[in-house]
Amino acid sequence: MKRIAFYTLGCKVNQADTASMETLFRSHGYTIVDFNSEADIYVINTCVVTNTGQRKSRQMINRAVRRNPTALVVVTGCYPQTAAEEVKAIAGVDLIIGNQDRAEIVGLVEAAAETQRVDTIDSVRKLSANTEFEELSVGEASDKTRAFLKIQEGCNQFCTYCIIPFARGPLRSRSLTSIKEETAKLVAAGYKEIVLIGIHLGCYGKEHEGRLTLFDAVEAALSVEGLQRLRLGSLESVEVEPRLLELMEQDKRLCRQLHLPLQAGCDTTLARMHRPYDTRRFAELLGDIRKRIPDIAITTDIIAGFPGETEDEFMSTLAFAENCGFSKMHIFPYSKRKGTPAEKMPNQIPETVKQKRCAQLAELDHKQQQSFLEQCVGSEAEVLFEQTAADGYIEGLTSNYLRVYVQGGAELCGTLRKVRLLKAETGFLVGELL
């Protein structure tokens, strides 16, 4: 029985893709081993969203080649999709596959293993408007608490800093029938929470001339009997439909948390980024969401040091982010990506300035996180417990994505229990079971 090891870099979509590939190999009799073990086949699922992701992808490819020089080394994901020749030039890479044809990966790997390899086998396919969504069955994790169901692929937004539209191709969506089927499989397997994810999740169904939207996908998943929690991955604020918020109000299974990337809180910066909103519209949308769902947690992404960002523009972003009152901010220094318009923009910001701005945003993030946690003290919440912690405690997450610790043992893992929230610590809450 052949041993195969996987390493995944980047986003939740990549993690879901890897889980699906692992399931395919298991069904063909392969044994999945740890990436740090010796294997017959290594699969590296890569990321290029930042320079750090691309550099780490190269490091992991080289690590696999060194660990077992006779192993078959397969590179898949965004790196070969955007830079096939660069990946093929890495010594020891045997097969490259892009962001399509992962359903055929077992056959591609076995065909590559049968040939005497001199050159890298290139199985990267160009992603065109006719490319269809690959309806891979979701993979399984061992903890049975949370599963990620990929329902959308591709992006047509073309923000000036982002390489993802080139790496992931045009919009395409999983069918409603497949969403129901995969949700039912996950519920039957024991998962308590399912997270719907995509590259541009809010554009679900848009390629079908608006006949379907994310609301339809959410309804399809919620129609499955036994589903206890449904969470949404990242989506644009302008894509949050009023009827989706109404559904969130009515159905408590739909988690009270939205991740809405802001990226910048300054209109001139947003225009250079080619984002689909301005600060006024973003603030109005947040106000409408909070009016409907007062206990919602809104998390976000912010890029510091975008080309041309003056000190005044950054201070506008800092002030706007503070007014938004996010429960969590993911902060990134701008990373130049080859082939994007921002790469050639004038007034690139020095790394030292980017890091300083990231630190200022991080200070605000800490303050806002603590404020949100403290607002929750004294209330009751349903917590999905995930794993045991130190000193007789167990940890889990609320519907609005707050980490909670209570006294308890492993028997609580994978259960949803009512908790009274007693006090806020740094980054988490402490509660008691009801």
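These numbers come from the heavy atoms of this one structure, side chains and all, not from hydrogens, waters or symmetry mates.
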Before accepting this row, confirm whether a basic side-chain N of the pair [X]/[Y] lies closer than 4.0 Å to the acidic partner's carboxylate O.
X	Y	result
E386	R403	yes
R229	E382	no
R272	E309	no

In the structure I gave you, are the side-chain heavy atoms of [X] and [Y] within less than 4.5 Å of one another anywhere?
X	Y	result
N156	P170	yes
R292	P242	yes
V109	F25	yes
L258	M248	yes
T398	Q257	no

Results of ring pair (Phe, Tyr, Trp, His ring centres under 6.0 Å) for F314 - residues two or more places apart only: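 For F314 there are no ring pair (Phe, Tyr, Trp, His ring centres under 6.0 Å) partners, ignoring immediate neighbours.
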
Partners meeting ring pair (Phe, Tyr, Trp, His ring centres under 6.0 Å) with Y334 (sequence neighbours left out): F306

Between [X] (side chain) and [Y] (backbone), is there a donor-acceptor pair under 3.5 Å?
X	Y	result
T120	L95	no
N51	S335	no
R231	E193	no
T160	P341	no
N68	A39	yes
T340	I163	no
S20	S137	yes
R67	V65	no

Hey, could you give me each pair passing ring pair (Phe, Tyr, Trp, His ring centres under 6.0 Å) that has a residue in [range]? Not counting sequence neighbours.
range	result
residues 388-411	Y405-F428
residues 39-97	F35-Y42
residues 224-247	none
residues 231-252	none

Steps toward salt bridge (Lys or Arg N to Asp or Glu O under 4.0 Å) verdict (E85, K88): CA-CA 5 Å; E85 295 306 314; K88 285 195 287 185; 3.0 Å; yes

Report yes or no: do [X] and [Y] form a side-chain donor-acceptor pair below 3.5 Å?
X	Y	answer
Q100	T131	no
N130	S128	no
N45	T8	no

Quick check for you: to the nearest 0.5 Å, what is the distance between [X] atom [atom1] and [Y] atom [atom2]?
X	Y	atom1	atom2	answer
L260	I298	CG	CD1	5.5 Å
D288	I293	CG	CD1	9.0 Å
T352	Q355	OG1	CD	9.0 Å

So does [X] have more than 12 non-hydrogen atoms from other groups sitting under 6.0 Å from [atom1]?
X	atom1	value
K206	NZ	no
E132	CD	no
H208	NE2	yes
E363	CD	no

Among I197, V240, V195, V218, side chain to side chain contact (heavy atoms under 4.5 Å, CB included) partner for L232: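 Among I197, V240, V195, V218, the one that satisfies the side chain to side chain contact (heavy atoms under 4.5 Å, CB included) with L232 is V218.
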
Listed partners of E135 passing side-chain hydrogen bond (donor to acceptor under 3.5 Å, both in side chains), at least two apart: S175, S178

All pairs passing salt bridge (charged side-chain N to carboxylate O under 4.0 Å, His left out) where residues 327-355 contributes a residue, at least two apart: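 Counting only pairs at least two positions apart or across chains, the salt bridge (charged side-chain N to carboxylate O under 4.0 Å, His left out) contacts touching residues 327-355 are K328-D365, E351-K354.
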
Selection residues 169-179 - residue pairs positive for salt bridge (charged side-chain N to carboxylate O under 4.0 Å, His left out), sequence neighbours left out: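 For residues 169-179: none.
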
Just jot down the salt bridge (Lys or Arg N to Asp or Glu O under 4.0 Å) partners of [X], sequence neighbours excluded, or say none.
X	result
E236	R275
D278	none
E104	none

Centroid-centroid under 6.0 Å between Y204 and F215 rings: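 Not close enough - the centres of the two rings lie 6.0 Å or further apart.
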
